[in-house]
Trainee: 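The structure that follows is given in the form of structure tokens.
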Amino acid sequence: MTPPLLGVGEECQSNVTLPSSSASLKASSKNLELHERNYMMGLFGCPTIKGPAAAGVFGDCKSNLNLKATELRLGLPGSQSPDRGVDLSSGEPDEKLLFPLHPSNNSHSGNKRGFADAMNTNGASEGKFMANSDVKAMLSPRSGTNIGQKSQPGLESAGPKAPRGVEGATLQVTQEQPSSGIKESRAAGTPAPKAQVVGWPPIRSYRKNSLAATSKNVEEVDGKAGAGAVFLKVSMDGAPYLRKVDLRNYSAYQELSSSLEKMFSCFIIGQYGTNGARGKEKQGDNMPKDAMDGTDYVLTYEDKDGDWMLVGDVPWEMFLDTCRKLRIMKGSDAIGLAPRATDKCKSKN
Amino acid sequence: MNYFPDEVIEHVFHFVNSNKDRNSISLVCKLWYRIERFSRSRVLVGNCYAITPERVIARFPCLKSLFLKGKPHFADFNLVPQDWGGYVYPWIKCLEKNRTNLEELRLKRMIVTDDSLELVAKSFSNFKSLVLVSCEGFTTDGLAAIAANCRFLRELDLQENEIEDHRGQWLNCFSESCTSLVALNFACLKGDINLAALERLVARSPNLKSLRLNRSVPVETLHRILVQAPQLVDIGVGSFVCDPESETFLKLTALLQKRHSIRSLSGFFEMTLYCAPAIYPLFSNLISLNLSYAPAFPGKELIKILQLCGKLQKLWVLDCIGDKGLEIVAYSCKELQELRVFPSDPDGDGNATFVTEEGLVAISSGCPKLNSLLYFCAQMTNAALITVARNCPNFIRFRLCILDPTKPDAATLQPLDEGFGAIVQACKGLRRLSISGHLTDQVFQYIGMHAKNLEMLSVAFAGGSDKGMLHVLNGCEKLNKLEIRDCPYGDGALLNNVRKYETMRSLWMSSCNISMGGCRMLAKSMPRLNVEVINENGDLNRDGDDDQLVDKLFVYRTLAGPRTDAPDFVWTL
């Protein structure tokens, strides 16, 4: 139901290499610039592993950056390799990836990114963690790269989305899983945050470029024609007072979310002050921090009609138009809020 | 008929307009061939490399209207390298040399240069209509040349081209004496235009029926244009951003309430949602609505609008309409014949709205006249397709694109063979089909068995074996264009029925299992085909082993031999 989501933020660039060379993988994982994809999760503690230069917006998950978790592996989506145990308490990022969930894959809750995972009662940090598998295939422009051994056409990939055309990588095509497709087409030559398949979905590049331009324009237009700032109240469950933000200062959900996090961080620290090295580690290495280990917060908003909606579903411009109030809810309260099956990274940039 | 003088026969032929029929007529006998060729004024060359311009003009000396198609269809999706070919200049040069009285030129997926446009503008004094679809290579300077020199220009229609915008004053170049415009579409231009020149042009074009503006045209200009041109029937709104309190908006609202003649609406590249109610009065008269470039309309708004569109026959919309929205369409738009639902978020960057099989089923049960579909969805099921086939047996074009191209039936996890099989079985008139999702040889067996009228088939990421492709090649008698990407078909499939390719316009295969040896064999056995191996990455060695895998192959029949303008990386074997 969702377009295939490679679940990779914009900075992810990893060359996929075969898992057998785990040593080199570890090395390459260090180069991974994994960026929080789901702004929401980033805000509230989805552990993300960041590479050194990443735009570290979110707090670090744990001080023990579990590199193993970032290791590229191939396995069925949602499954864990036997030696990785899902040790949630240690904050190991849950590597159920953010593969677009097929309704058929329901059993792999890990595949579902976002809301439903946020509600994971085992407190798992959120299956949204896509760190490791971020395979960002750098497709050569218009690379008519052959998948090579295609035992099955289409890119079934378990585990890391093995995108086609990955340099040097052999696609592991697993037959069992229905496609956890990852195919998004991309303008040729642009470093893709997710593995992209050239020419898919088949829409004219004119149309794609036009939509992209339009959404940018809409933002500008809103700014121009608009009534200046759009100040909205932001409340957070458990916080003694509210804040106000000007939505016009942001151009994407991630910016909003990071800003809100900064704003409300004081409340969070208050609660989890003892929880290891919380707080933005300014080590030049902005690691998203899992501030609320075990508690999830969810960002919601009230729209024009008075309904409480999950932030992140609609395009940013639409959100600007319709949002009236923001509320940071405790995950447990937010169950009723019509979770979307996938939350994708709103990297509008 | 042979007892009639030639003039009578010619007069009868005059009533036969379709190219296919004309082609058939010309095969009856030499007399008819001769009469037909002198009376044909409208010529379609579906593949510009299938024949030389000289031969076309020699055969049809009275040609007035030429429709040329260049690059293969998959070029639209960046699968064909930039410089592959499809240049229109040689054609225009040839037409000019022969002093053809060209009035109409229609080009699709061709490389058009400013020089070509200038040549068109200066060589054909009666030139009336230029339609460019999905072309590239020119700038607004070329448009200026057309505007300045074509004094009787009736139609300038630019659809989805990549035009370099020099922000010049090309609109100013329309001479003051040019009053013949009927249709002007520059929606795809990215830059600003001279608004005053536009208004003046509209003011002196009493026959202007269709006007599609680009995003730089503000709503104030739109208002003035609408005032000037009450005869407009088709409007492409550029930008609809305005202040609801402004006088322009109030006047526009009042004006639109009375414009019952507008039948077709498109554009809205930018939109202030609060101002949408101004356009509501238009919807009940609309026959065609294209909001696929208007991401500012959220699902809810689309639903409100579509409820008003009782007469709508053609709808292009983004998938933010959602399944619920499609249900509303099904309920309200009983006359709907063509539906296209585009992804509003093709790269999966964050927009979670999409449509599924439910929307399609709803449409099929509510809109019995539906015959043309392009549907980008997140998932599909066999059951849904079977239902759709039952509800709508009249499909002529059925293109389904599941955003995850190998996704199986969302409910049963089975391949989607049965669903598409039902479609081809029920829709006897199906001419164009695009399939996606998890597919095996079975679906191609169905296609080969039932899709007897199928002319164009697009396949991507299907599974199975060579048998799949063979089912299609051997079964679809009217197959004209076959394009395949990322399927496991190899030389066996390619070479099994080589004669078939001469009955077709073209075959495209990319990222399949074709080898150099297979291509060489094909080229050798069928000299009247151009077997083009496109070595985009430079991986292949032209004289190398037979077992090198060929990533992109384009095969087409031709009377012109190997083309002379191929770039280095395109080898005609």
Side-chain angles (χ1 to χ4, degrees), chain A residues 1-6 100 102-104 140 142-147 150 152-156 178-179 181 183-188 194 198-208 210-211 213-215 217-218 221 225 253 312-315 317-318 321-322 340 342-348, chain B residues 74 76-79 81 134 160-162 188 190 215 239 241-243 269-270 272-273 292-293 295-296 298 342-354 356 376 378-379 401 403-408 410-411 413 438 460-463 485-488 510-511 513 536-537 549 551-552:
Chain A
M1 47 98 206
T2 61
L5 191 233
L6 279 199
H102 306 285
S104 50
S140 45
R142 314 247 186 91
S143 66
T145 41
N146 215 333
I147 293 197
K150 254 185 286 200
Q152 175 188 347
L155 315 170
E156 308 292 346
S179 64
K183 308 69 176 168
E184 298 292 357
S185 64
R186 193 73 189 189
K194 17 192 192 215
V198 176
W200 195 269
I203 63 177
R204 282 187 184 150
S205 34
Y206 169 79
R207 179 177 286 280
K208 254 200 267 190
S210 173
L211 276 184
T214 304
S215 51
N217 277 349
V218 168
V221 162
Y253 284 116
D313 291 330
V314 298
E317 312 72 60
M318 219 182 280
D321 267 349
T322 54
R340 299 287 169 158
T342 52
D343 261 319
K344 288 176 274 179
C345 166
K346 319 287 184 294
S347 42
K348 292 271 180 180
Chain B
F74 275 172
D76 279 344
F77 319 132
N78 291 339
L79 287 178
S134 202
E160 301 192 341
N161 303 289
E162 293 288 350
C188 64
K190 299 178 207 140
R215 68 177 77 219
S239 155
V241 168
C242 59
D243 177 0
F269 302 105
E270 291 162 357
T272 306
L273 261 190
S292 63
Y293 284 103
F342 293 96
S344 47
D345 179 25
D347 293 332
D349 275 343
N351 183 352
T353 60
F354 42 74
T356 70
F376 285 85
Q379 64 184 49
C401 173
L403 290 167
D404 172 358
T406 54
K407 191 162 180 165
L413 299 190
H438 181 41
F461 300 100
R485 64 165 293 184
D486 293 274
C487 295
S510 61
S511 302
N513 282 338
E536 193 177 7
N537 297 330
L549 274 185
D551 189 50
K552 291 186 180 172

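Note that these values count all heavy atoms, side chains included, but never hydrogens, waters or copies made by symmetry.
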Trainee: On a heavy-atom basis, which atom in A/Arg207 and which in B/Ser292 lie closest, and how many Å separate them?
Mentor: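 Of all heavy-atom pairs spanning A/Arg207 and B/Ser292, the closest is NH1-OG, 2.8 Å.
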Trainee: Check step by step if side chain to side chain contact (heavy atoms under 4.5 Å, CB included) holds for A/Ser210 and B/Arg215.
Mentor: CA-CA 10 Å; A/Ser210 173; B/Arg215 68 177 77 219; 3.4 Å; yes
Trainee: Which heavy atom of B/Cys188 sits nearest to which heavy atom of A/Tyr206, and what is that distance?
Mentor: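 Here B/Cys188 and A/Tyr206 meet closest at CA-OH, 3.0 Å.
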Trainee: Taking only residues two or more places apart in sequence or in another chain, which ones pass side-chain contact (heavy atoms from CB on, under 4.5 Å) with B/Phe74?
Mentor: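 Scan of B/Phe74 (side-chain contact (heavy atoms from CB on, under 4.5 Å), adjacent residues dropped) gives B/Phe77, B/Leu79, B/Glu483, B/Arg485, B/Trp508.
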Trainee: Who pairs with B/Ser134 by side chain to side chain donor-acceptor pair (under 3.5 Å), at least two apart in sequence or on another chain?
Mentor: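 Here the qualifying residues are B/Asp76.
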Trainee: Can you tell me how far apart CZ (B/Phe342) and CD1 (A/Ile203) are? Round to the nearest 0.5 Å.
Mentor: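 Result: 8.0 Å between the selected atoms.
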Trainee: Do A/Pro315 and B/Pro295 have side chains that get closer than 4.5 Å, going by heavy atoms?
Mentor: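 Answer no - side chains too far apart.
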Trainee: Against chain A, label B/Glu160 side chain, backbone, both or neither, depending on which of its atoms sit under 4.5 Å from a heavy atom there.
Mentor: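 Its backbone and side chain both get close to chain A.
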Trainee: Would you mind reporting whether B/Pro298 and A/Thr322 have side-chain heavy atoms less than 4.5 Å apart?
Mentor: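 No. Closest side-chain heavy atoms not under 4.5 Å.
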